[in-house]
Structures are given as C-alpha cells and as structure tokens.
Amino acid sequence: MRALNLLIVVFAGLVVNTAAANEYTIASPNDDLVVTISDEGGVLTYQVKKGREQVIDSSALGLRFADQAGLDENLQISKAVRSNKNETWEQPWGERRFVTDKHNELRLSVERSKPKLNFDLIFRVFNDGIGFRYDVPKQRYLANVAITEELTEFNMDQNATAWWIPARKWNRYEYLYQKTKVNDMEMAHTPVTMKLSNGIHVSLHEAALLNYAGMSIEHRRGNNLVANLAPRPDGALVKLNSPFKTPWRTIQVSGDAVGLVNSDLILNLNEPNKLGDTSWFKPGKYVGLWWHQHIKERTWGNDGIHAATTEATIEMMNFAAKYKFDGVLVEGWNIGWDGDWYNNGDVFSFTKAYDDFDIQKVAEHGRNVGVRLIGHHETSGNLTNYENQIDDGFQLYQENDVAIVKTGYVADGGKLKRVDEKGVTRYEFHDGQYNVNHHLRVVEKAAKHKIAINAHEPVKDTGLRRTYPNWVSREGARGQEFNAWAVPPNGPNHVSNLLFTRMLSGPMDYTAGAFDLRPSEREPVNAELGRHDVRARIEHTLAKELSLYVTIYSPIQMVMDLPENYEARPSAFQFIEDVPTDWSKSQALAGEVGEYAVVARQDRNSSDWYLGVHTNEEARNIKTTLEFLGDGVWEAQIYRDGDNADYDTNPYDMVIERKVVKVQDTLSFKLGRSGGAAVRFVKQSN
Ligand code: NOJ
Ligand code: CA
C-alpha cells in the first residue's frame, strides 16, 4: 500500500516538489514500456512494465561509500526534467549502417538530507528497452569516494528461465551457458537473458563501462537480483572523485527472442565517435598461424616445432593472397613463449623476435602480395609488463603495416598482475576498474598508431566501439579454441546460446570456419607435442560452420582452419571467400535462445544478401520468408545440410545448389542435428 499523501507526477516539464513521497513515470516512445520511480520512505525504487505485464518488480537504487554517507537513504526527488530524442546516426562499420536512437528521457534530481548530498538519476526509455545511470555532480563531501556497494536491483519473476554464465570464476567469461530458473541462478556475468512465462524476453547488461567496475548480477533469493561489482585489490569496488557517472544499467525487453538481437540499445547509450576518422580500419577476413598451435601441430614457442617462422608466415600470406583474405595472424613470433607461456607474463617481449622470424621481411612480402600481418600481443595477464612496452610494441607494428592487433590476457579471473606506484604487486579482475581503464588506454594508444584492437580474455563489451571505433572485436566467451582441447568442447547448443546472450554486447572473434571437424583424428606430426586431445572435435555440421559467418557478427572474421583443409573442399570454401564482414542491414528473422536462429544481413559494399541458419542438437525443419530481399530476381547460392547430415555421424553431408528466387518466395531447410545452412543472394535483374 502506498502512503496516503502520495503525489503522482506524470505531466511533462519541470516539477519542484514538496515533502510528500513522489512517484514519476516515463514511457517508451510507443508507450509499451513504462518505468515508475518512487522515493517513498526516503529510498529510491523503480519498476518496469511492458503493457500490462510486470517485467521488473519494485527494485532498489543507490550507492554506498566507505567513508561518507551513501546515496541510499533520506532521499527525496526534488526535480524532474523530461526530454526526448529521435535521430539517426551512421556507423563507420557494423551490423547496420544507420542506427535510430529514439527515446524519452527523465532526469530526476535527488537530494539527501543529513548530510546534504545530491545526484541525478537518468532514465532513457526506448521501444526496445531501458537504460539508467547515476550521475553524481562535483561536491566537496564526495571528493574521493570508495564505492562499497551498488544497491541497484533487477527483481524478476523467479520462475523465469535464465541463460547465464557464472561470474567471478577462474575462467572469466569462458563458460558454457546454463539454463535455469531465475531462482536457481548464481552470480552471473552480463548479458544475462531471461524468458518470462508470458513469453517476454529480457536481457540485463550495461553500456559505456568506463572508469568503473563491471557489473555482475547476483541472485540472492527468490526474485531478488542485485548488481555486484568486481572488487579492486584494496577491497573497494570502485574509487572515484565527483563528478562521476556510472555506466548505464540496461534492460532490453522484447516480445520475442530475436527482438533482443535486433536491438541497438547498447550502442545508443554510448557516446558518439571520439576518434574522428578511423577509415584506416578496414573490416575483413584473416587467416593465421593459430589453429596449428591449438591442435598441437606446431608450438607457440621455439621449444618444439615453431609455428611463427618467416617461411611459414610467407606461405600463409600467399594462401591469403590467393583467396583475397586481408590478413595473416601470427602468434608466437616474439620472445617469451617457451615453456609454460601461461605463466610467462613477466618475460614477454613485444618487440624482440625469435631468430627464425623476420618481421621486416614478412611485412615486405605482405606489401608485395597485398596482405597485412595481424599483430599479436599476449600478455599472460601481466598488465605492467605490457604497459611498459606498449608504445614500442605498437610502433614496431605500425612500421610493419600492421593495422589490427589481437591482444590476450590469459590469466585466471582475479589474477591479472600489475605493479603499483609503490612497487607492490596487485592482482586484478578482468572486469575490475583497473582493467577497464587498462583496455581503454590500450585502445587509445593503438588509435594513435592507426591500429585496431581485437582483445581476447577481455573485459566484456559494453558498446564502446561506438565511441572508439578501433575497438573492433573481442573474445569474452568460449570460442572455437575450446573445440581443439576442451572437455567438453562447445557442443551443439553453444552458438545458439551465444547469439542471444554474449552477442547482445557486441562483436565476437569466435573464429569460425572449421573444415576438418575431427582434428583429433589427424596423423600426429610430432608425438612429443602430446598430440591432439582425444575430444578435439567440432560438434557442428559443415554447413553450420559456414552459417556462423552470418549469424555471429564481427567486422573481422577469422578463417581459422589449415589451408590444406580448405583446399580439400573448394566448393564449400567458396562461401567463405564470398561472405563479407561489413553490413548495411541486419535482421534476426526467427529463433529461440539456445535452440535455433535465422539471420539475414546485407553486404555494405554490394546489393548481396546473406542468410545464416543454425540449430542446436535438435534436427528441425525451418521455413523462412525472403521479405528482406528487394524487388527483382535473385540467385540464391545455397549451402545446406544434406538429407543425412548429423553433427555426430555425418557432419560433411552438405548440398550446394542454386535457385532463382523473388521477395515473395520462401526457402525451406531440413537441418540435421547441430546443422545449418548458409545462403548468398545475388541480384540477377530488376
Ligand atoms: C587465448 C586466445 O583466446 C587464443 O586465441 C590465443 O591463441 C591464445 N590465448 C594464445 O595467446
Ligand atoms: Ca580465450
């Protein structure tokens, strides 16, 4: 029950308020989502409805500090300012060229009495979800604060189904997804995606994570979900001086699963490009000396069969040039990889090469054949060793035409190493405040050298590619590498989970394109290397592996398998040669979390459309309309599961066929277990 003196303020404009409890509402432009904020009892709460359905139950808001009074009690909303926006902005690269930002904003000024403090709470409500943040102005009392608790809750129906990976564990974001009731969740990384019993889909995440700690979602009891920030080594969660703004807390809401995938909420809540012209970054495809190491064909270090030799790189560049790929990733060329490289963070050099690798020679060959080296900076989690050498590392790469660098932070969660100003070693979380800032420093430095960053073992994506368009891709989930050595491997469900969870945060360097789906069965080249893991297998059909170039978005896509495996199947390889990595339009057409997906995208540099379809361990028939195609006659170049395709028993059964189609037609696919289809549509006539 509400207090009798409740004052409901719903009209537009500026309201100066009395002592009564206040309640404000703000709706999405289409009026479907409604957020209600209250200061009843001196504490702030919010709740969210979609139509008549409750999406977020009454949930707390606020921050607590170590030494000062918090923004948590004796609070009163003193002013409300409303505004709205409806504009379209252009992405330099992405899933779509134009993004529409249409939202209503409510900025509430909140005052605390005893002691006197104030802050703003900003809500932006879009048709596809909500963002809110705390905006704390400069005030002497809050000159230096150590945040000890963020009170933000996201109380949800405890019987809703949730797809999540655990947070604050040793393997960072690299876990298989769990599907449980909200009531059975543990602490989870975001994005965490939920389906309510009424079919509404919700995803909790954050946008613009800058100078703050990453937020995980802690399940406490029943419907109670609470923000939990990765701690610093000094025990605080975040240290800041006012003025400061927290990242946006985001709640994507949709009537169906694909609505989450089609949402631009996270990008819209980030600031516009701060780097100016970044046209030196070109989306594209790359091959590499990479899978060789993962399947133990060769080694990173020079203590086995070294992968990164001048000769092998030149050979790989020739392969890339032959098929018009843009880059060659070379891992293990620099000193530091011998022995147990996981623990070699202290000795990695970012400029000194092994004797058998000549970077100048390789770069010169690249210039001759029109292929660039893709750089690699594995830190093994030693941030200070990397920061000490980073300028020289980027300088060397820039001099050798490298325009993309893959970074790596292989270290257990909470074990990123840094040496502080006093020379004391500290250990950080991958989503802790220090590492959040570290990543941005790397991206800004890289931009000065006209280099784009693809971070592995990163902090999660929160849409910062909009502000820093050279932050082009990252890992931050289980990628293909797990199919080389992990028990269990990624399995048939994983990519259907990824699309509706991890992929909501931004591009992923998944590294698709396995053509040998059983690398464990290869003849050993060197028994001493320990050989391929017996379980090393890709639990997809070949057609499903092709479909990932359409469904799992990244502006740079790896073509990860060994050249001999591609050249053994030239007609299937044609799809990878053709598929672009930069799109003018994208639309998830159908799908269910963890089950299947149908995604269509249009090439940014031609009128071609592409379609990717995949299923989990369930064989299924999928029929899709072609409404996305414009007028005219199109040739559909189809790569689909054959009638007997099955990831386990017959993964290579694939049919390649051509059909003439028009916009009013449909296409049907009979997908095997963990199967898929990939289609290119080429316009024939108007
Ligand atoms: C883990 C990365 O995800 C993988 O791609 C890379 O090859 C290894 N670290 C070595 O840096
Ligand atoms: Ca990894």
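These values consider heavy atoms only, across backbone and side chains, with no hydrogens, waters or symmetry-generated copies. Ligands are counted one by one from 1 in listed order, and the atoms in each one are counted from 1 as well.
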K.L.:
Tell me, which N, O or S atom in Glu481 is closest to the Ca ion (ligand 2)?
P.N.:
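Sorting the N, O and S atoms of Glu481 by distance to the Ca ion (ligand 2) puts OE2 first.
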
K.L.:
Short N/O distance, under 3.5 Å, between Trp300 and ligand 1?
P.N.:
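Between Trp300 and ligand 1, no N or O pair is found under 3.5 Å apart.
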
K.L.:
Going by distance only, is there an N or O of Trp341 that falls short of 3.5 Å from an N or O of ligand 1?
P.N.:
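No; the residue has no nitrogen or oxygen that sits under 3.5 Å from a nitrogen or oxygen of the ligand.
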
K.L.:
Could you tell me, atom by atom, which parts of ligand 1 come under 4.0 Å of a heavy atom of Glu457?
P.N.:
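The atoms of ligand 1 under 4.0 Å from a heavy atom of Glu457 are 1 (C), 2 (C), 3 (O).
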
K.L.:
Where is the nearest protein heavy atom to atom 11 (O) of ligand 1: which residue, which atom, and how far?
P.N.:
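Nearest neighbour among protein heavy atoms for atom 11 (O) of ligand 1, to 0.1 Å: Glu378 OE1, 2.6 Å.
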
K.L.:
In the protein, which heavy atom is nearest to atom 3 (O) of ligand 1, and how far is it?
P.N.:
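Protein heavy atom at minimum distance: His456 ND1, 2.7 Å.
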
K.L.:
Do me a favour and list the nearest non-hydrogen protein atom to atom 7 (O) of ligand 1 with residue, atom name and distance?
P.N.:
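Going atom by atom, the protein heavy atom closest to atom 7 (O) of ligand 1 ends up being Glu331 OE1, 2.5 Å.
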
K.L.:
Can you see whether Tyr549 has Arg601 sitting over its ring - NZ or CZ less than 6.0 Å from the centre and within 45° of the normal?
P.N.:
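No cation-pi geometry.
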
K.L.:
Quick check against the 3.5 Å criterion: does Glu545 have a side-chain atom that pairs as donor or acceptor with the backbone of Ala514?
P.N.:
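Checking the backbone N and O of Ala514 against the side chain of Glu545, a donor-acceptor pair under 3.5 Å is found.
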
K.L.:
Within ligand 1, which atoms have a heavy atom of His376 less than 4.0 Å away?
P.N.:
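What qualifies from ligand 1 is 11 (O).
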
K.L.:
Looking only at side-chain N and O atoms, does His614 offer a donor or acceptor that is under 3.5 Å from a partner on Thr551?
P.N.:
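Side-chain D/A pair, Thr551 to His614: present.
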
K.L.:
Ignoring hydrogens and geometry, is there a side-chain-to-backbone donor-acceptor pair from Asp412 to Lys415 under 3.5 Å?
P.N.:
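No, Asp412 side chain to Lys415 backbone: no donor-acceptor pair under 3.5 Å.
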
K.L.:
Under 6.0 Å from the ring centre and within 45 degrees of the ring axis: does the NZ or CZ of Arg418 meet both conditions for the six-membered ring of Tyr434?
P.N.:
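Arg418 over Tyr434 ring: yes.
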
K.L.:
Write out the residue and atom name of the closest protein heavy atom to atom 5 (O) of ligand 1, then the distance separating them to 0.1 Å.
P.N.:
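Protein heavy atom at minimum distance: Lys406 NZ, 2.6 Å.
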
K.L.:
Please write down residue, atom name and distance for the protein heavy atom closest to atom 4 (C) of ligand 1.
P.N.:
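Checking every protein heavy atom, the shortest distance to atom 4 (C) of ligand 1 gives Glu481 OE1, 3.3 Å.
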
K.L.:
Would you call Glu457-Lys406 a salt bridge at under 4.0 Å N-O?
P.N.:
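No, this pair does not count.
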
K.L.:
Looking only at protein heavy atoms, which one is nearest to atom 9 (N) of ligand 1, and what is the separation?
P.N.:
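Nearest neighbour among protein heavy atoms for atom 9 (N) of ligand 1, to 0.1 Å: Val410 CG2, 3.4 Å.
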
K.L.:
Give the atom name of whichever N/O/S atom in Glu457 sits closest to the Ca ion (ligand 2).
P.N.:
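Of all N, O or S atoms in Glu457, the Ca ion (ligand 2) lies closest to OE2.
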
K.L.:
Identify, by name, the N, O or S atom of Glu174 lying closest to the Ca ion (ligand 2).
P.N.:
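Looking at Glu174, the N, O or S atom with the least distance to the Ca ion (ligand 2) is OE2.
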
K.L.:
Just checking Glu311: does its CD atom have more than 12 heavy atoms from other residues, nucleotides or ligands closer to it than 6.0 angstrom?
P.N.:
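At most 12 heavy atoms, drawn from other residues, nucleotides or ligands, come within 6.0 Å of this atom.
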
K.L.:
Between Trp337 and ligand 1, does any nitrogen or oxygen pair lie at a separation below 3.5 Å?
P.N.:
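No: no nitrogen or oxygen of Trp337 is under 3.5 Å from one in ligand 1.
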
K.L.:
At less than 4.0 angstrom from any non-hydrogen atom of Glu475, what atoms of ligand 1 do you find?
P.N.:
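Ligand 1 atoms under the 4.0 Å threshold to Glu475: 3 (O).
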
K.L.:
Between Lys460 and Thr190, do the side chains contain a donor N or O and an acceptor N or O under 3.5 Å apart?
P.N.:
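Side chains of Thr190 and Lys460: pair found under 3.5 Å.
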
K.L.:
Does ligand 1 have an atom under 4.0 Å from some heavy atom of Gln293?
P.N.:
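Under 4.0 Å: no for Gln293.
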
K.L.:
Evaluate the criterion side-chain hydrogen bond (donor to acceptor under 3.5 Å, both in side chains) for residue pair Tyr468 and His439; output intermediate values, then yes/no.
P.N.:
CA-CA 11 Å; Tyr468 304 95; His439 273 277; over 6 Å; no

K.L.:
Would you confirm whether Thr511, through its side chain, and Met560, through its main-chain N or O, come within 3.5 Å as a donor-acceptor pair?
P.N.:
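Such a contact is absent between Thr511 side chain and Met560 backbone.
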
